[in-house]
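Positions are given from 1 along the sequence. Excluded from the calculations below are hydrogen atoms, water molecules and symmetry mates; all remaining heavy atoms, backbone and side chain alike, are included. Since the model is a prediction, treat every value here as computed from it, not as a measurement.
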Amino acid sequence: MMGGWYGGGGAGSWIAMVVLMGLFWAGVVTVVVVLLRHSSRNTDHPPKDEAERILHARFARGEIDEQEYTARRAVLREAG
């Protein structure tokens with residue numbers, strides 16, 4: 001006469017619970033991975049090739065100004 005929460009649901013109930021818990025934790029892991037990947041992205045894309053890396057380094061060292069940097073970067077990206 002003990003129905004409700006503690007009633008004998010059988011093996012089907014246990015299997016359903018295990019599957020749903022697996023789906024829940026897979027969803028949690030997926031959300032965490034997506035958030036970590038999204039937060040690690042830089043809004044100003046890092047240089048993809050050697051020429052852009054060198055250009056970026058020259059700009060960082062102050063060898064060229066922003067106008068020259070953006071003009072040369074545009075030329076490099078058009079060519080690539």
- prompt: Could you walk me through whether H56 and R73 pass the side chain to side chain contact (heavy atoms under 4.5 Å, CB included) check?
  reply: CA-CA 9 Å; H56 186 72; R73 186 178 63 179; over 6 Å; no
- request: Report the residues that fulfil salt bridge (charged side-chain N to carboxylate O under 4.0 Å, His left out) with E63, sequence neighbours left out, ordered by chain and then residue number.
  value: R58, R61
Gap separating the CE atom of M21 from the CG atom of L23, nearest 0.5 angstrom: 10.5 Å
- request: Measure the CD-OH distance between E52 and Y69 for me, rounded to the nearest 0.5 Å.
  value: 7.0 Å
Contacts of A16 that satisfy side-chain contact (heavy atoms from CB on, under 4.5 Å) - sequence neighbours left out: none
field: ILVMFWY clustering at 4.5 Å (side-chain atoms), partners of V33
entry: V29
- prompt: How many angstroms lie between atom CG of D49 and atom CG of L76, to the nearest 0.5 angstrom?
  reply: 6.5 Å
- prompt: Rounded to the nearest 0.5 Å, how far apart are OG1 of T70 and CZ of R72?
  reply: 11.0 Å
